[in-house]
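Note on naming: letters A, B, ... go to the chains in the order of the sequence lines (proteins, then strands), and numbering restarts at 1 for each one.
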Amino acid sequence: MLNQLFGLEARRKRLLRKAPEGALKDFLSVPFPDKAGLIDSASILAVDFETTGLDPAREQILSVGFICLENNEILLSSAYHQVICAQGELKEENVVIHQITDSAKSRGASLEEVTSDLLAALAGKAMLVHFAHIEKNFLEQACKQLYGMAPVFPIIDTLVIAKKRLDKRGLPYDPSELRLSKLRDWHNLPHHYAHNALNDALATAELLMAEVELMSFEESPPLKYVLS
Amino acid sequence: MDAELKEIHDFIANTPPFNELPPATTEAITGKVTIRYLRGGVNLPPKNVSDRRLYLVRKGALSVFTADGKLLGKLGEGDICTVFCTQEDENEFIVKTEEDSLLYTIPFADLSAITQSFPAVNAFLIMSASQRLKQIVSSMSGEAIVTSTLMTTSIADMFNSPAITIESGSSIRDAAVKMTELGFSSLMIVDDENQLVGIITDKDIRRRCVAVELSTDTPVDQIMSTNLISIKRTANAFDALMLMSRKHVHHLPVLEDGNLLGMVSVTDLIRQEGQNAVHLTGIIHKVKSLEDVIEASKLIPQLHVKLAKLGTTAEHVGKSITAITTAITHRLIEFAEKKLGPAPVPYEWVAAGSQARQEQSSHSDQDNGLIISDEMKPEDDAWFEALAKYVNDGLADCGFIYCPGDVMAMNPKWRQTQSAWNGYFNTWVETPEPKALMYSSIFFDLNTVHGDHAFLKDIRANMLTKTRKNTLFLAHLTKNALKLRPPLGFFRDFVLVHDGKHDDTLDIKHNGIAPIVDLARIYALSEGITPVNTIERLKMAAGTPSLSKEGAANLIDAFEFLGALRIQHQARQIQDNKPPDNYIKPVNISRLEREHLKDAFKVIRTMQSNLQSLY
């Protein structure tokens, strides 16, 4: 609702006035990408978090991965992956999924360092996530904790894009079809090693390129067409 | 580089030529990768890419066309596209996505900088097909030189010098004493001007003197052989072996500009290369029965495996096996003559096809015929028929399967007088109908195995004067030869053939080796070149109007590479107790070999279309 009333760009400017000096303010001081611009020439940052659970109020971010998608190509030189030295011991079921052990975690960076790296990379870009709910909520929570306020981000969610496409067919489908690996299989994209933040971010970026190629646009769709 | 990008790194590190690089370098390359997703039917490079780049297919497929739209090849997962690395190639080819494709691209400037201390990799990306082929073949023959000696040993390095001689007119006793003193089994006889006039061996003294109670005071001239077969100083050991096998002699005088320098014996050759072709031909010459010849022939596959393991060149293997076949044929003819009595009129036993070209593999079938003197009377044919039957059956027992096309001396059609053969060639050249062209490709590669009456030599001279001027015949022969086209390359685990269709296996003989043999034959016929060995033909045709020097060098490289691949393939089959064949499955060809094969195919295609435009 608020999005529609004020627009992201207006809210960014409003938040910028209140933001404390530092990473968050630097992030907010760069204008968001033009919504009318084409995806072909847009700057997008594919992001993925591995977390200890789903509730940002109680759970923590374990690792952050991101990679740049510029002018329609993924730049491996921009790849970033960092384990966070979160508090408390890890639950065994998490270790099994993420392969991040307590000792790896203890060698990790602080939440502040990683959040600041992410915000710096994200400035002026749209944030690409598969199922944005987790990353959005956890990043807002981290910012609140570190800077006392949560920013706004333009978000592209490949799950939403795929869901729109499937809904349009008017045929029933199993919700599991919307999982990242299932969608990649459907697009004939190669198998990827899942549950690693960087690999998932990269996998999401490839999925976006494949989804965009399916859209019937003469050139490439404008950014607003894929923004959530 | 992040460990997280391991899958991409491993993919790149497994792709030739990067598979030869250390991990630190492939990691640096991975860091420069950008990933593209292109929908099917789109041209490369993608819009907004203006720099030179290498493309790697991660998923999907690319098709490469000539500027005028002819399909050149398809690239599947794991294949690299070097078209956009250099300026020249870019305008020569059109590259399209065949289906939706995920591509890894690497800026060529970055790639060059990272691989600058690995010139082979850099060269791989910018060299032409023929340049790459030259590089691999020269490295292959480099290995072969280390391991094989006979092909590369010059007679100059191994003959016994000075020549052990005795003057014409000396007694047999004097000769025997000299031989005993010096420990030689043969002696050359020279006149006052030191010109070679004859040769005597232990055997001559035994058979022509002692056994017939000839006085040892008799001049050696009476028992010496005057039918002198010599070899030039510049020949290699293998040439000597071939000559000895064919003439069935064990000693060869070595000459230079007509002057006698020394002597080379079969023992010298055996010393050069131990347990090998020489040894085996030596055994065959000595055995006393057909059964023993058959037994000795069973060693051929083992010899093949051994030579393949040594990394011997295809040329050497072909010559080794041919030397043995020649020895076997020779021995069989001797047995037959013993059984049937002397031939009623002179004749030549000729080999056709791969035996004539000295390019046999252990899988070869037999192609042969008889050229009989024109003095032959109709009733004489019974003798020749019996000879042909004995030798053809004997060869089959030795593993040289009967020619499926019935091109064998036991077929009366190929057991003819010299005039009849001349007539055949005249008809084939003058009326090039399909069957004539088929026979042309078999019988234009002929070599005498036994009998030396210059029959074949005269026939060939007559034939070459006719073919040389007959452009219509050459045009027909060319058209016929161009029916065998090499495939375009590989696509996934298939062989990609001409019309974009796929084959499951590569027939390396018909789709690689035979087209080069055919090309070499046509060059030879149009230039009046006598030898039938493919490499010799190409070397002699190099620099003539039919074939450029560069084209010849490229074809020789391609021929050597394909031959080596076939030998390795057949050696593996022999070791697995499977009958050797020419069918190679793409899954069994390494990625690098596929690249080299594609280069060889490209060379052949280029030369085929050059020839096509000539006629």
Give a yes or no on this: more than 12 heavy atoms of other residues, nucleotides or ligands lie within 6.0 Å of atom [atom1] of [X].
{"X": "A/Glu213", "atom1": "CD", "answer": "yes"}
{"X": "B/Tyr583", "atom1": "OH", "answer": "no"}
{"X": "A/Arg58", "atom1": "CZ", "answer": "no"}
{"X": "A/Leu214", "atom1": "CG", "answer": "yes"}

So, taking the atom named [atom1] in [X] and the one named [atom2] in [Y], what distance separates them when rounded to the nearest 0.5 Å?
{"X": "A/Asn196", "Y": "B/Lys6", "atom1": "CG", "atom2": "NZ", "answer": "12.5 Å"}
{"X": "B/Ile35", "Y": "A/Leu75", "atom1": "CD1", "atom2": "CG", "answer": "9.5 Å"}
{"X": "A/Asp40", "Y": "B/Lys47", "atom1": "CG", "atom2": "NZ", "answer": "4.0 Å"}

Are any of the side-chain heavy atoms of [X] and [Y] separated by less than 4.5 Å?
{"X": "A/Pro190", "Y": "B/Leu102", "value": "yes"}
{"X": "B/Tyr104", "Y": "A/Leu76", "value": "no"}
{"X": "B/Asp100", "Y": "A/His187", "value": "no"}

Chain A heavy atoms under 4.5 Å from [X]: which part of the residue, side chain, backbone, both or neither?
{"X": "B/Lys59", "answer": "side chain"}
{"X": "B/Ser101", "answer": "neither"}
{"X": "B/Arg39", "answer": "both"}
{"X": "B/Ile8", "answer": "side chain"}

Using 4.0 Å as the upper bound for N to carboxylate O, is an ion pair formed by B/Arg53 and A/Glu73?
->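 So A/Glu73 pairs with B/Arg53 through a salt bridge.
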
Shortest non-hydrogen contact from A/Asn71 toward B/Arg36 |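 Minimum heavy-atom contact is O-NH2, 3.2 Å.
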
Show your reasoning for whether side-chain contact (heavy atoms from CB on, under 4.5 Å) applies to B/Tyr37 and A/Val212.
-> CA-CA 10 Å; B/Tyr37 186 91; A/Val212 167; over 6 Å; no

Segment of A/Leu202 engaging chain B (4.5 angstrom heavy-atom cut-off) =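 The side chain, not the backbone.
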
